[in-house]
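To find a chain, count down the sequence lines: A is the first, B the second, and so on, and within it residues start at 1.
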Amino acid sequence: MKRVHEEQYSEIATPADFNFEECLVHLGRSSQENLYRLDDSGITKLLKIGGQLVLFRIVPAAGALRIEFPLGVPAYQERDEVAAYIEDWFDLQTDLQGFYAIAETDPVLKSVVRQHYGLRVIGVPDLFEALVWAVMGQQINLTFAYTLKKRFVENFGESLFYENERYWTFPSAEKIASLNVADLRALQLTVRKSEYILGIAQAMARGELQKQRLLQEPDMERVLLEIRGIGAWSANYVMMKCLHSQSAFPLADVGLHNALKAQLQLDRKPTPVEIMELAKNWEGWQAYATFYLWRSLL
DNA sequence: CTCCAGGCAAGAA
DNA sequence: TTCTTGCATGGA
């Protein structure tokens, strides 16, 4: 899957159906996003790997994504971690034939999937980031959620400058675990959400919550629901965006409701019972159905 | 001004 | 077990 070319750059092979442009539409949905930067030719992002900051660019190539390192090519191990991150981020390991087969005849998905064919679930590979982002997004509009995330990242993340632009890493669980409620309240997070985020950070900093262990857990949802602040919506959101669970389904999601309302041309939002009825046909692919429906709102 | 937003936990019934 | 309420503030 991964090929290294004379240490200048690496390439990751992409599935035949992969559509980078569709993925870019999702990635470009907020002008407040500060964890990566899009430009005419690709994506630039900063990650902290093995204690060091690594800046990389993703540029589409024939049947592949090319990874470049503008500030110098790191050692093999770091390059390999960046490649793994990108495969995770763009969900490149999932074969979508089963989903496309279902969508072919599904009354809700048919046109949406045809329209955005090649889009993949754009994930949040870092578990701490996925959990925090889920909590931040609860019960507030997405614009304000992005504002909160921007403040969170720019107050507690690490950064470096490259070509007059500043690039940020998502704050570490260890860093956030050292804060208190007042520190997060200052960003206009609620007391409740501040407590949730600190609790998650402390659990992860203590090693009680690990992505690798969750991935091996037969009942991920049960484990996630034990975390204070993580309810059914957040658990399924994280399973979908971080843990590659194709059957994760954030049933209570307002965006999902709005997308279904529009697709079905209803004059009201569908009820949970109606949604479950529609979703019977999506069994095993609820996450992709949800993500394509979200895409229809952009 | 009102209503709603990528919900949740805690308390009440 | 299921239903109701407070949270807290920005955006439309």
Report summary line: Smallest heavy-atom separation, A/Leu298 atom then A/Val25 atom, equals CD1-O, 4.0 Å
Query - Touch class at under 4.0 angstrom, heavy-atom based, for A/Leu256 against every strand present - result: nothing
Query raised in the report: Under 4.0 angstrom, heavy atoms only, what part of the nucleic acid is A/Val135 near: base, sugar-phosphate, or nothing?
Result: nothing
Under 3.5 Å side-chain donor-acceptor pair for [X] and [Y]:
{"X": "A/Tyr100", "Y": "A/Asp17", "result": "yes"}
{"X": "A/Gln138", "Y": "A/Ser234", "result": "yes"}
{"X": "A/Thr190", "Y": "A/Arg185", "result": "no"}

So, OP1 or OP2 of [N]: does either fall under 4.0 Å of a side-chain N or O from [X]?
{"X": "A/Thr143", "N": "B/dA5", "value": "no"}
{"X": "A/Lys269", "N": "B/dA5", "value": "yes"}
{"X": "A/Arg228", "N": "B/dA10", "value": "yes"}
{"X": "A/Gln188", "N": "C/dG10", "value": "yes"}

Query raised in the report: Per the salt bridge (Lys or Arg N to Asp or Glu O under 4.0 Å) rule, which among A/Arg268, A/Lys261, A/Lys269 passes with A/Glu274?
Result: A/Arg268
What is the distance, rounded to the nearest whole Å, between atom [atom1] of [X] and atom [atom2] of [N]?
{"X": "A/Phe144", "N": "C/dA8", "atom1": "CZ", "atom2": "P", "answer": "12 Å"}
{"X": "A/Arg192", "N": "B/dC8", "atom1": "CZ", "atom2": "P", "answer": "12 Å"}
{"X": "A/Met136", "N": "B/dA5", "atom1": "CE", "atom2": "C1'", "answer": "16 Å"}
{"X": "A/Leu148", "N": "C/dG10", "atom1": "CG", "atom2": "P", "answer": "9 Å"}
{"X": "A/Ile197", "N": "C/dA8", "atom1": "CD1", "atom2": "P", "answer": "13 Å"}
{"X": "A/Asn236", "N": "B/dC8", "atom1": "CG", "atom2": "C1'", "answer": "14 Å"}
{"X": "A/Tyr196", "N": "C/dC7", "atom1": "OH", "atom2": "P", "answer": "12 Å"}

Report summary line: Of the candidates B/dG7, C/dT9, B/dA5, the side chain of A/Trp233 sits closest to B/dG7
Query raised in the report: Out of C/dT9, B/dA9, B/dG7, which has the shortest distance to the side chain of A/Arg185?
Result: C/dT9
Query - Inter-nucleotide P distance (C/dA8, B/dG11), Å rounded - result: 15 Å
